[in-house]
Amino acid sequence: MNDYRNFLSEILIDEETLQQRVIELGEEISRDYRGKEGLLLVCILRGGITFMVDLMRRIDVPHMMDCMAISSYGAGNFESTGNVRVTYDLQTNIADKNVLIVEDIVDSGRTISHVLEMLQTRRPASLKICALLDKAERREADVPIDYRGFVIPDKYVFGYGLDLDEHYRNLPFVAVVDLEKYKP
Ligand code: IMP
Ligand code: MG
């Protein structure tokens with residue numbers, strides 16, 4: 001794999017800014033869920049992992065965590081199709097739990113709206129969304145984002161959990177790819 005500097009257009013959100021926002025979100029979530037029983041963080045694999053791991057350490061109310069994986073059928077690299085399928089399901093019974101979905105990015109909103117619909121049928125006590133990034137101008141499905149890290153422009157980003165062909169998730173910042181220069 002290529003060094004990311006070869007196709008880096010710009011660093012959109014640097015490490016310090018990300019970590020500061022994660023602290024704020026953790027505080028906000030802790031405040032809102034204090035005194036409530038059964039908070040369950042649900043990480044959407046794989047993009048949500050990095051954010052989830054940082055965020056949960058900033059949440060100081062008791063909680064559990066679980067993961068689920070979704071695949072967008074027939075998706076090209078830069079689009080999701082809306083044909084969403086669960087490839088790994090939760091191991092936790094979410095009935096009567098206060099569920100908070102932790103997602104890397106909401107783009108068209110199709111993925112998350114499918115997840116919401118599906119989890120709602122399992123009768124959680126509450127169901128909310130925490131998304132690190134919001135590509136608001138691309139929204140097609142109406143999804144309520146309860147906790148939002150940053151609104152970003154319609155550009156393809158990578159790093160901090162987000163991938164380019166499954167690579168670069170480890171980078172501690174969110175960067176914009178220069179598609180002219182990127183060759184997988
Ligand atoms: P949506 O269904 O269109 O909202 O797409 C959401 C999913 O597409 C996210 O969970 C990401 O996995 C992926 N995605 C959307 N935009 C980007 C991006 O700029 N970089 C990396 N992945 C992205
Ligand atoms: Mg994702």
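In each ligand, atom 1 is the first atom listed, and ligand 1 is the first ligand listed. The figures that follow rest on heavy atoms only: side chains count, while hydrogens, waters and symmetry mates do not.
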Student: One pair to check against side-chain contact (heavy atoms from CB on, under 4.5 Å): Leu119 and Leu90. What are the steps and the verdict?
Tutor: CA-CA 10 Å; Leu119 295 186; Leu90 296 174; 3.9 Å; yes
Student: Just which atoms of ligand 1 are under 4.0 Å from any heavy atom in Thr111?
Tutor: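 Answer for ligand 1: 1 (P), 2 (O), 5 (O), 6 (C).
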Student: With a 4.0 Å cut-off on heavy atoms, is Ile112 in contact with ligand 1?
Tutor: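 The answer is no: ligand 1 sits nowhere under 4.0 Å from a heavy atom of Ile112.
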Student: May I ask whether Lys135 has any heavy atom positioned less than 4.0 angstrom from an atom of ligand 1?
Tutor: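 Yes.
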Student: Counting only heavy atoms not in Glu10, do more than 12 fall under 6.0 Å of its CD?
Tutor: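 For Glu10, atom CD is crowded (more than 12 foreign heavy atoms under 6.0 Å).
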Student: Can you see which heavy atom on Ile70 is nearest to which on Thr87, and at what distance?
Tutor: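 In this case the closest contact between Ile70 and Thr87 is N-OG1, 4.0 Å.
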Student: Any side-chain to backbone donor/acceptor pair from Asp146 onto Cys130? Under 3.5 Å, distance only.
Tutor: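 Checked: no pair found.
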Student: Could you check whether any heavy atom of Tyr156 sits closer than 4.0 Å to an atom of ligand 1, since that is the contact criterion I want to use?
Tutor: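 Yes; Tyr156 lies near enough to ligand 1 that a heavy-atom distance drops under 4.0 Å.
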Student: Out of all atoms in ligand 1, which are within 4.0 Å of some heavy atom of Glu103? Include the element for each.
Tutor: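 So the atoms of ligand 1 that pass are 10 (O).
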Student: Give me the atom names and distance for the closest heavy-atom approach of Tyr160 to Asp54.
Tutor: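 Nearest pair, atom of Tyr160 first, then Asp54: OH-OD2, 2.6 Å.
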Student: Decide whether an N or O pair under 3.5 Å exists between Gly109 and ligand 1.
Tutor: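 Among all N and O atoms of Gly109, at least one is under 3.5 Å from an N or O of ligand 1.
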Student: Could you see which bit of Val84 sits under 4.0 Å from ligand 1, with heavy atoms only: side chain, backbone, both or neither?
Tutor: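 Looking at Val84 and ligand 1, no heavy atom falls under 4.0 Å.
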Student: On a heavy-atom basis, I'd like to know which of Ile152, Ile105, Leu12, Asp107 is closest to atom 13 (C) of ligand 1.
Tutor: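 Looking at heavy atoms only, the winner is Ile105.
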Student: When you measure from the side chain of Asp3 to the backbone N and O of Asn6, does any donor-acceptor pair fall under 3.5 Å?
Tutor: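 Answer holds: no.
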Student: Restricting to pairs with a member in residues 92-102, which pass side chain to side chain donor-acceptor pair (under 3.5 Å), not counting sequence neighbours?
Tutor: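 Matches after skipping sequence neighbours: Asp66-Thr92, Asn98-Ser126.
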Student: Quick check: Val157 and ligand 1, any N/O pair under 3.5 Å apart?
Tutor: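 Yes, Val157 has an N/O under 3.5 Å of an N/O on ligand 1.
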